[in-house]
S.K.: 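Take a look at the following structure, please.
Every number for a ligand or one of its atoms is a count from 1 in the order of the listing. Along the sequence shown, the residues carry numbers beginning at 1.
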Amino acid sequence: MSRLLIRGGNRLQGEVTIQGAKNSVLPILAATILTGGSVELRRCPRLRDVEASIRILQALGCKAGWRGDVLEVDTAGMSGCDVPDALMREMRSSVIFLGAILARCGEASLTSPGGCELGPRPIDLHLSGLRALGAEIDDTGGTLHCKAAKLTGREIVLGFPSVGATENLMLAACGAEGVTVLSNAAREPEIEDLQGFLNTCGAEITGAGTSTVVIRGGRPLHGGTYTILPDRIAAATYLCGAASAGGEVFLRDAREEHLSAVTAVLREAGCDVTGGSAGIVCRRTGRLTAPRPIRTAPYPGFPTDAQAILMAALLRSRGATVFEENIFENRYRHVDELVRMGADIKTEGKVAVIEGVKELYGAKVRAPDLRGGAALAVAALSAEGETSLTNIKLMDRGYDCIENAFTLLGGNIKRVNY
Ligand code: EPZ
């Protein structure tokens with residue numbers, strides 16, 4: 001078992017290159033199934049969730065291996081269409097493989113992903129969309145048995161701009177005859193990255209990044225080389241680290257246009273944030289001031305994945321900050337851990353109110369989930385004394401060595417075994 005030991009008090013000063021995006025590479029790994037060939041993914045982050053996806057591809061008879069930070073995948077030899085239960089349990093977002101397996105094999109079976117630390121993770125929008133394309137899905141008894149002798153393109157209106165449902169339906173629609181139009185689609189940059197990858201491999205998709213994505217199915221896809229988008233939530237994490245500890249950081253490859261909801265709040269709170277073609281500079285000198293209420297929303301609204309991280313950066317600001325979490329039911333599990341460090345936070349349903357305090361104190365805390373763990377590290381960078389952060393395997397799901405990144409930025413943080 002390992003944990004992070006973080007000694008607060010250092011102002012940050014340094015540069016880090018932003019890793020490839022977890023929420024881009026995971027659907028793209030599912031999409032490699034559609035190519036039936038060799039794919040090279042550059043700027044591929046080394047994450048537990050990427051390793052879990054590699055195990056799923058291997059269980060389906062595909063090959064995958066690393067060459068530096070390039071992940072090489074070959075799905076020509078795919079020989080199965082069932083995702084083992086143990087692998088589904090490792091990563092609930094594995095449901096993203098369903099659309100691609102159905103499009104390639106005409107059948108698929110995998111256990112329902114179930115809930116996770118953020119609350120129930122329903123997949124009704126995934127299933128209703130796949131049924132609309134012609135899939136027969138038996139979702140009784142906890143396992144999804146799916147058959148699709150033929151998938152036929154059509155218009156599908158999503159009841160909510162679900163990221164995963166948009167991605168799953170893009171993948172299935174590549175194997176459908178005719179045109180599929182996804183309306184009220186998610187607009188996240190990771191959806192554009194999936195479109196970019198698929199079109200590199202011969203697909204004909206337009207509209208990703210808007211609410212209407214159009215997929216002309218039935219094209220034969222092939223392998224190719226693709227560079228994964230930089231991770232906007234990892235970038236938000238390091239921006240909030242600088243906002244928390246003070247100092248000046250440069251995040252190479254970070255793209256401000258994908259983070260404008262976050263940088264707008266950081267500027268309002270008193271950070272000096274400058275985005276350019278090479279990356280983002282963030283500087284914080286004086287005490288921050290509580291910004292206007294932050295409400296999480298689908299992109300381009302404030303990202304739910306940055307809610308905990310920004311909260312951690314504002315714990316010592318002047319005044320009271322109000323958050324409203326509108327995407328997930330249970331995404332304040334980091335609050336109790338932050339309170340152990342001296343934060344003043346009250347929650348009621350979707351709302352959290354943070355009263356700025358003068359000091360935070362190092363404590364023994366435990367990561368409740370991926371972004372909650374990152375938030376604890378951000379808070380610890382500005383706390384008096386040492387923080388011991390455990391359960392960091394949850395953070396390794398989405399950060400490619402978070403301690404190295406913060407060390408490059410001047411933070412006093414190390415991973416120790418215990
Ligand atoms: C993706 O999850 C991300 N994960 C999440 O990142 C992110 O928080 C989320 O999008 C929102 O941006 C990956 O991309 C791997 P949704 P996803 O479907 O696809 C409801 C992180 O920390 N919903 O957009 O599961 C759902 O309950 C992770 O990196 C339905 O009701 O998100 C939730 O309330 C956490 N029915 C809302 O939509 C459905 O069929 C958003 O879910 C699907 C979703």
Side-chain angles (χ1 to χ4, degrees), residues 19-31 45 47-50 52-53 56 90-99 112-132 137 139 144 156-172 182 184-194 211 228-229 231-237 258-259 261-262 296-310 325-331 333-334 350 367-375 394-400 402:
Q19 70 178 58
K22 166 179 90 78
N23 293 349
S24 199
V25 69
L26 296 183
I28 287 176
L29 283 171
L47 308 172
R48 288 172 64 92
D49 277 5
V50 169
S53 299
I56 289 174
E90 257 189 75
M91 184 178 69
R92 287 176 185 82
S93 50
S94 320
V95 69
I96 194 66
F97 279 85
L98 181 53
S112 302
C116 75
E117 56 274 345
L118 303 182
R121 299 295 287 268
I123 57 169
D124 55 303
L125 298 174
H126 298 242
L127 301 185
S128 56
L130 292 170
R131 286 182 172 123
I137 300 175
D139 59 349
L144 300 169
I156 297 171
V157 182
L158 286 173
F160 177 87
S162 153
V163 171
T166 302
E167 292 163 344
N168 233 334
L169 296 174
M170 283 168 71
L171 295 173
L182 298 181
N184 195 29
R187 298 167 52 189
E188 275 73 0
E190 293 77 24
I191 309 278
E192 289 183 81
D193 219 29
L194 179 60
S211 297
I228 304 292
L229 182 74
D231 192 313
R232 60 192 168 97
I233 306 301
T237 305
H258 292 161
L259 265 179
V262 177
T296 64
Y299 193 90
F302 190 91
T304 174
D305 294 345
Q307 174 256 108
I309 300 158
L310 180 72
E325 173 53 57
N326 296 307
I327 303 294
F328 289 109
E329 285 176 17
N330 189 21
R331 203 162 199 178
R333 296 171 74 233
H334 47 282
K350 301 198 296 187
D369 53 51
L370 164 56
R371 307 302 176 182
L394 292 184
M395 298 161 67
D396 293 338
R397 288 186 47 213
Y399 292 93
D400 188 346
I402 194 168

S.K.: Has D396 got a side-chain atom pairing as donor or acceptor with L47's backbone, closer than 3.5 angstrom?
M.R.: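 Not at all, since once roles are kept as given, no pair shorter than 3.5 Å links the two residues.
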S.K.: For atom 15 (C) of ligand 1, find the nearest protein heavy atom and state the residue, atom name and distance (0.1 Å precision).
M.R.: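 Of every protein heavy atom, N23 OD1, 3.4 Å lies nearest to atom 15 (C) of ligand 1.
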S.K.: To check your reading of the model: name the closest protein heavy atom to atom 36 (N) of ligand 1, its residue, and the distance in Å.
M.R.: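 Protein heavy atom at minimum distance: D124 OD1, 2.8 Å.
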S.K.: For ligand 1, which is the ligand I care about here, please tell me if L370 has any N or O atom under 3.5 Å from one of the ligand's N or O atoms.
M.R.: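 Not met; the criterion fails.
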S.K.: What's the verdict on side chain to side chain contact (heavy atoms under 4.5 Å, CB included) for H126 and S162, showing C-alpha distance, side-chain angles and the deciding distance?
M.R.: CA-CA 9 Å; H126 298 242; S162 153; 4.2 Å; yes
S.K.: Check whether any side-chain heavy atom of L194 lies under 4.5 Å from a side-chain heavy atom of L171, and answer yes or no.
M.R.: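 Yes; the side chains approach each other to less than 4.5 Å.
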S.K.: Looking at atom 31 (O) of ligand 1, what's its closest protein heavy atom, distance included?
M.R.: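 Sorting protein heavy atoms by distance from atom 31 (O) of ligand 1 puts P122 CG, 3.3 Å first.
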S.K.: Of all the heavy-atom pairs spanning A308 and A375, show the shortest one and how long it is.
M.R.: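 Scanning both residues completely, I find the closest heavy atoms to be O-CB, 3.2 Å.
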S.K.: Quick one: nearest non-hydrogen protein atom to atom 18 (O) of ligand 1, plus distance?
M.R.: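 Its nearest protein heavy-atom neighbour is S162 OG, 2.7 Å.
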S.K.: Return the closest protein heavy atom for atom 22 (O) of ligand 1 as residue, atom name and distance.
M.R.: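 Going by distance alone, atom 22 (O) of ligand 1 is nearest to R371 NE, 3.0 Å.
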S.K.: I'd like the name of whichever of I327, T166, L158 reaches closest to atom 33 (C) of ligand 1 through any heavy atom.
M.R.: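 Ranked by closest heavy atom to atom 33 (C) of ligand 1, first place is I327.
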S.K.: Answer yes or no: is there a donor N or O on one side and an acceptor on the other, between the side chain of E167 and the main chain of L169, under 3.5 Å?
M.R.: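 No: the side chain of E167 does not pair with the backbone of L169.
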S.K.: For atom 16 (P) of ligand 1, what's the nearest protein heavy-atom neighbour? Residue, atom name and distance, please.
M.R.: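 Among all protein heavy atoms, the one nearest atom 16 (P) of ligand 1 is V163 N, 3.7 Å.
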S.K.: Taking 4.0 Å as the limit for heavy-atom contacts, which would you say applies to R397 with ligand 1: side chain only, backbone only, both, or neither?
M.R.: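 It is neither part, as no heavy atom is under 4.0 Å.
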S.K.: Please indicate whether any nitrogen or oxygen in S93 is less than 3.5 Å from any nitrogen or oxygen in ligand 1.
M.R.: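 No; every N/O pair is 3.5 Å or more apart.
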S.K.: Checking T296 against Q307: is there a side-chain donor and acceptor pair closer than 3.5 Å?
M.R.: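 Their side chains do not contain a donor-acceptor pair, so the 3.5 Å distance test is not met.
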S.K.: How far is atom 37 (C) of ligand 1 from its nearest protein heavy atom, and which residue and atom is that?
M.R.: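 Of the protein heavy atoms, F160 CE2, 3.6 Å lies nearest.
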S.K.: Any salt bridge between R331 and E117, counting N to O under 4.0 Å?
M.R.: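 Judged by the 4.0 Å cut-off on N to carboxylate O distance, R331 and E117 do not form a salt bridge.
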S.K.: R48 and Y399: side-chain donor and acceptor closer than 3.5 Å?
M.R.: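 No, no side-chain donor-acceptor contact under 3.5 Å.
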S.K.: Report the member of E167, R121, E188 with the shortest heavy-atom distance to atom 25 (O) of ligand 1.
M.R.: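 Heavy atom nearest to atom 25 (O) of ligand 1 belongs to R121.
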S.K.: Considering both backbone and side-chain atoms of L118, is one of its nitrogen or oxygen atoms within less than 3.5 Å of a nitrogen or oxygen in ligand 1?
M.R.: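 In fact, backbone or side chain, L118 has no N or O that close.
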S.K.: Among all protein heavy atoms in this structure, tell me which lies nearest to atom 40 (O) of ligand 1, with the distance rounded to 0.1 Å.
M.R.: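 Sorting protein heavy atoms by distance from atom 40 (O) of ligand 1 puts L125 N, 2.8 Å first.
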